[in-house]
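This is a predicted model, so every value here is computed, not measured. Note that ligands are numbered from 1 as they come in the structure, with each ligand's atoms numbered from 1 the same way. The residues of the chain are indexed from 1 along the displayed sequence.
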Amino acid sequence: MRFSTKAIHVGQEPDASTGAVVVPVHFTSTYAQESPGQHRGYEYSRTKNPTRHALEECAASLENGKHGLAFASGMAAINNVLNLLKAGDHVVSTDDVYGGTYRIFDKVFRNYGLKFSFVDTTNPSKIESALEKDTKMLWAETPSNPLLRIVDLREVARISRERGLTSVVDNTFATPYFQLPLQLGIDIVVHSTTKYLGGHSDVVGGLIVTSHDAHYERLAFCQNAVGGVPGPMDSWLVLRGLKTLGIRMKEHFRVGLEVARFLESHPRVKRVLYPWLPSHPQHDLAKRQMSGMSGMISFEIDGELRDAKRFLEKVKLFTLAESLGGVESLIEHPAIMTHASVPPEVRAKTGISDSLIRLSVGIEDPEDLIQDLASALG
Ligand SMILES: *Cc1c(COP(=O)(O)O)cnc(C)c1O
């Protein structure tokens, strides 16, 4: 099956007992057993729930993976991946990762004795020179947030294979519609399903996909042992979102590219970061490992913090809000909002300046979005 067929059918056969075409929301915490230990695959909903299971099957198939695990948030999924490690282990991570990822690494798992190096993973030789004898994991986010840098996933997979490391990719910004890390040799994919997979800004969720059986066993064990699972209603909302992922991503790409081209042509804009513009320094790499791009655009306006703030107050269609990946367009200021937990000196070093603005372009009509940006820039 191809992408949108899988999105609509995998894990979603009509309900065996009623014929319901849509997977029911199984609001139950426990399941009747015929005799002690004899049941139909379900014992207790932290361990397994039919609605969540449908989501896990469907999401795994979209990433071309064998196993899926759903979580109550992207951070719960990321937490669960870190549970593969033990005190003393070292992780090499992309430096401009999602702010919450930086925070859980730096402020939570460091306390448990894990060690982290944040490096410019767009340069494979910097990954290699950051490796230590205790390095166990490579963590990459591509396109990265908010600078939309591209990490060469084949190189990350090669280094991991050669050194026996576990490679992890946060695929939230690209989605499996445009990028399939497992196919490029990556071991584990994580998502915030809050974003494009849910797609309607109405649910918080996370996901892990892997084809590696031993990793899956441990990750599933930790999912149950730690317990950061999504409820049936949240699982159902993400599953409903998946059905239209293909058609939405096509539109995010079309509208996003038009908005990016408009911004690039505007005299008040200093630079635009969008991997599908030929001006993006890694445009060729993006085209080698992705089949398109979502609606995430970052740009610097020609001015200072107060100019950026004024611009953000003037837009009308774009809602000033954190998060991304919904059908409605959002706008935000990374230095003050999503990346405030990244220390100022780290922000300065990585290029998250005070005039940097991030857009999550929705699927409204591009003419209206461009008109809104044009009048605010004016
Ligand atoms: C939002 C986000 C997360 C965290 O997910 P939550 O669902 O908010 O917990 C992780 N990585 C990326 C790239 C994100 O955008």
Side-chain angles (χ1 to χ4, degrees), residues 52 55 59 63 68-83 91 93-109 116 118 121 139-151 153 168-179 181 186 188-209 223 226-231 234-235 237-238 241-242 249 252 256 273 275 290 293-298 321-326 330-334 337-342 350 352 358-362:
R52 187 178 99 213
L55 166 63
E63 284 284 355
L69 291 165
F71 292 86
S73 68
M75 291 319 303
I78 289 169
N79 177 89
N80 208 77
V81 173
L82 270 286
N83 291 161
V91 180
S93 166
T94 299
D95 53 5
D96 62 329
V97 276
Y98 175 71
T101 304
Y102 182 87
R103 184 174 54 195
I104 198 174
F105 288 176
D106 190 51
K107 296 280 194 298
V108 179
F109 282 105
F116 297 89
F118 296 95
T121 49
W139 190 285
E141 196 176 306
T142 181
S144 71
N145 175 19
L147 297 170
L148 302 164
R149 291 181 178 155
I150 309 293
V151 181
L153 293 182
V168 186
V169 167
D170 186 329
N171 203 25
T172 300
F173 269 43
T175 82
Y177 189 71
F178 290 129
Q179 175 169 276
I186 297 298
I188 296 172
V189 166
V190 299
H191 275 282
S192 168
T193 56
T194 313
K195 317 296 166 53
Y196 286 108
L197 303 201
H200 297 76
S201 305
D202 53 11
V203 63
V204 170
L207 185 75
I208 299 174
V209 179
Q223 181 195 41
V226 178
V229 294
D234 288 356
S235 300
L237 282 168
V238 176
L242 290 186
M249 293 320 292
H252 282 294
L273 302 170
M290 301 168 75
M293 176 60 197
S294 62
M296 298 308 297
I297 303 171
S298 289
E322 298 192 2
S323 199
L324 60 112
L330 303 180
I331 191 164
E332 69 111 3
H333 190 274
M337 297 167 67
T338 49
H339 289 66
S341 58
V342 179
T350 51
I352 305 171
R358 189 188 79 182
L359 301 179
S360 171
V361 176

message: Rounded to the nearest 0.5 Å, what separates atom CG in Leu359 from atom CG in Leu273?
response: 11.0 Å

query: What do you reckon, does Asn145 have a nitrogen or oxygen under 3.5 Å from a nitrogen or oxygen of ligand 1?
result: no

field: Single hit among Asp96, Thr121, Thr350 for side-chain hydrogen bond (donor to acceptor under 3.5 Å, both in side chains) with Ser144
entry: Asp96

- prompt: Say you draw a straight line from CZ of Phe178 to CG of Asn171; how long is it, rounded to the nearest 0.5 Å?
  reply: 11.5 Å

Under 4.0 Å to a heavy atom of Thr172 - the qualifying atoms of ligand 1, by number: 12 (C), 13 (C), 15 (O)

query: Does an N or O from Thr194, backbone or side chain, lie closer than 3.5 Å to an N or O of ligand 1?
result: yes

Side-chain (Thr193) to main-chain (Leu207) donor-acceptor, under 3.5 angstrom: no

statement: One finds that the ligand 1 atoms under 4.0 Å from a non-hydrogen atom of Asp170 are 10 (C), 11 (N), 12 (C), 13 (C)

field: Protein contact of atom 1 (C) of ligand 1 - nearest heavy atom, named by residue and atom, plus distance
entry: Lys195 NZ, 1.4 Å

field: Flag, side chain of Thr194 to backbone of Gly205, donor-acceptor distance under 3.5 Å
entry: yes

- request: Would you mind running through ligand 1 and noting each atom that sits below 4.0 Å from a heavy atom of Ser192?
  value: 1 (C), 2 (C), 3 (C), 4 (C), 5 (O), 6 (P), 7 (O)

- prompt: Does the N or O separation between Glu141 and ligand 1 drop below 3.5 Å for any pair?
  reply: no

field: Side-chain heavy-atom pair Tyr196, Leu324 within 4.5 angstrom cut-off
entry: yes

- request: Examine Phe173 against ligand 1 and note whether any of their N/O atoms are separated by less than 3.5 Å.
  value: no

query: Taking the non-hydrogen atoms of Gly205, is any one of them nearer than 4.0 angstrom to ligand 1?
result: yes

query: Is there a donor-acceptor pair closer than 3.5 Å between any side-chain N or O of Thr94 and the backbone N or O of Glu141?
result: yes

- line: To the nearest 0.5 Å, atom CZ of Arg358 lies from atom CD of Glu322 at 8.0 Å

Distance filter under 4.0 Å to Gly74 heavy atoms, resulting ligand 1 atoms: 5 (O), 6 (P), 7 (O), 9 (O)

query: Are any of the N or O atoms of Met75 closer than 3.5 Å to those of ligand 1?
result: yes

- request: With heavy atoms of Ser73 as the reference, note each atom of ligand 1 found under 4.0 Å away.
  value: 7 (O), 9 (O)

